[in-house]
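Could you have a look at this structure, given as structure tokens, before my questions?
Each chain gets a letter, A, B and so on, in the order its sequence line appears, and its residues count up from 1.
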Protein chains: 2
Amino acid sequence: MSSHKPDTRTKILESTWKLLETTTGDDVRMSDIAKQAGVSRQAVYLHFPNRVDLLIATTRYLDEVKDSDGRLAASRSATTGLARLDAFIEAWGNYIPEIFGVAAALLAMQDKDPAAKEAWSNRMQAVREGCEAAVKALDRDGQLRPDLEREKATDLLWTLLSVHNWEQLTNACGWTQDAYVDAMKALARRMLVCET
Amino acid sequence: MSSHKPDTRTKILESTWKLLETTTGDDVRMSDIAKQAGVSRQAVYLHFPNRVDLLIATTRYLDEVKDSDGRLAASRSATTGLARLDAFIEAWGNYIPEIFGVAAALLAMQDKDPAAKEAWSNRMQAVREGCEAAVKALDRDGQLRPDLEREKATDLLWTLLSVHNWEQLTNACGWTQDAYVDAMKALARRMLVCET
DNA sequence: TTCCTTCCTTGACACGGTGTAAAGTTGACA
DNA sequence: TGTCAACTTTACACCGTGTCAAGGAAGGAA
């Protein structure tokens, strides 16, 4: 796991990550990744069968390094529904910028490659489960708007917290990360919680 | 302009449109479009310098045929701010599914081609102006939440009404078009309008 | 030492899609 | 009859992905 000199596979994953962070999605070719890793292009194919699998592996590597599970799990310890909602939004909302490069690359291949679609869909399903749990907790507290079924509420929260919305607000509209998180928290409450 | 037998250029645009409606984005190749139009691949290049320009031209053609300007303009005639907000959401929200095929194709090329990015950005800017006008009308009526500046409110409404959000709710979550429009209207009010 | 194995390199190539180039066809118009 | 414009046909260059085969370097076992 924590060997001193990184093996080739890890070097490739690190390089992919770095390149996707700095340049945008489709500009990252297999040869670029190989060069960055100081390895031949064929060595990359020795470890990953194709580009899509490499990107998917990179997201898994990122999750591992960044401990995405641990972060999202933290929101589970909140007692009240409202606290749980806030904690989840904070955890996920602050995770987005860290994975955005890789996410955007994977997102860009969605309609080109079914495996990419599947991989992204799986990851978003995990986020959806977090939304569902938050909605459930709100409902248990009797705080969910009566005109909203749990599933619809989950759909809305999930959509609100999409990577695309984060990108639009922070990149296109120039919001700071903090402004984004605060706005999402406020919006989620207005969207889901009944008036006090 | 309105000749009886459609010229080649129009046939190509119609074919592009049709193909983008049925199949998904990147699967539509120049040769597919040519075949669908009953024309040689080179004839396509005779009318459009490259794929991106063809896609952009197709969106403009669609706008013309569907009278997008006229539709969005209708919301301008509403008297109250609330009516204007509703009318705009209805007009734009119901326009999305009609242009989605072409929009998705253009969207998919965004980070591959700067011209596509530019074209899409221009179109979204028009939508943003609609949002801005609705927010302004609300504010003039004294209905805009006091904790929201006009620009932030515009950003939020614009983000809420993004094509991606429409896709996620209708495609991924399976909402009907009507449910989508109703939810967006309700949400926009909760987001922007101060409590009565 | 020699041999074997594993990981990696080098160089070549097939494939598919975009875009270019050039010569030939067709039909309208004068 | 000639000319012009629109379109076809064929061929090709380019680029990125993915495949294939031969060979080299390092390390362990005999």
Query raised in the report: Between D:dT17 atom P and A:Leu55 atom CG, what is the distance in whole Å?
Result: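 After rounding, the gap between these two atoms is 10 Å.
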Requested in this report: Return the value, rounded to whole Å, for the distance between atom NZ of B:Lys112 and atom P of D:dC15.
Outcome: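 From B:Lys112 NZ to D:dC15 P: 17 Å.
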Requested in this report: Measure the shortest side-chain to side-chain distance between B:Leu187 and A:Leu187 over non-hydrogen atoms and say whether it is less than 4.5 angstrom.
Outcome: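 Not in contact.
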Query raised in the report: Near DNA chain C, under 4.0 Å by heavy atom, which residues of residues 42-53 of chain A?
Result: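 A:Gln42, A:Ala43, A:Leu46, A:His47, in order of number.
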Donor-acceptor contacts, no H, no angles, side chain residues 97-107 of chain A, under 3.5 Å, sequence neighbours left out:
residue	atom	partner	partner atom	Å
A:Glu98	OE1	A:Lys66	NZ	2.9
A:Glu98	OE1	A:Arg71	NH2	3.0
A:Glu98	OE2	A:Arg71	NH1	3.2
A:Glu98	OE2	A:Arg71	NH2	3.0

List the atom pairs, with distances to 0.1 Å, where a side-chain N or O of residues 164-171 of chain B and a protein N or O form a donor-acceptor pair under 3.5 Å, not counting sequence neighbours.
residue	atom	partner	partner atom	Å
B:His164	ND1	A:His164	NE2	3.3
B:His164	NE2	A:His164	ND1	3.3
B:Asn165	OD1	A:Asn165	ND2	3.3
B:Asn165	ND2	A:Asn165	OD1	3.3
B:Asn165	ND2	B:Thr159	O	3.0
B:Asn165	ND2	B:Leu160	O	3.3
B:Trp166	NE1	B:Gln177	OE1	2.9
B:Thr170	OG1	B:Trp166	O	2.8

Report task. Starting from P on C:dG27, measure out to CG on B:Asp7 and report it in whole angstrom. Result ->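 Distance check: B:Asp7 CG to C:dG27 P gives 19 Å.
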Query raised in the report: In whole Å, what is the span from the CZ atom of A:Arg9 to the P atom of C:dT6?
Result: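 Rounding to the nearest Å, CZ of A:Arg9 and P of C:dT6 are 18 Å apart.
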Query raised in the report: Quick one: does A:Arg41 reach the base of D:dG18 with a side-chain donor-acceptor pair under 3.5 Å?
Result: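 A donor-acceptor contact between them is present.
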Report task. Could you tell me the separation between the CZ atom of A:Arg189 and the CG atom of A:Leu85, rounded to the nearest 0.5 Å? Result ->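 Reported to 0.5 Å precision, the distance equals 7.0 Å.
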Query raised in the report: Is there a side-chain contact between A:Lys112 and B:Asp27 (heavy atoms, below 4.5 Å)?
Result: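 Contact flag for A:Lys112/B:Asp27 side chains = no.
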Requested in this report: Report the distance from atom CD1 of B:Ile33 to atom C1' of C:dG19, rounded to the nearest whole Å.
Outcome: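 So the CD1-C1' distance, B:Ile33 to C:dG19, works out to 14 Å.
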Query - A:Glu151 CD: over 12 foreign heavy atoms closer than 6.0 Å - result: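 Not more than 12 within 6.0 Å, no.
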Requested in this report: Can you tell me the distance, in whole Å, between the CZ atom of A:Arg29 and the C1' atom of C:dG17?
Outcome: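 Rounded to the whole Å, the gap is 16 Å.
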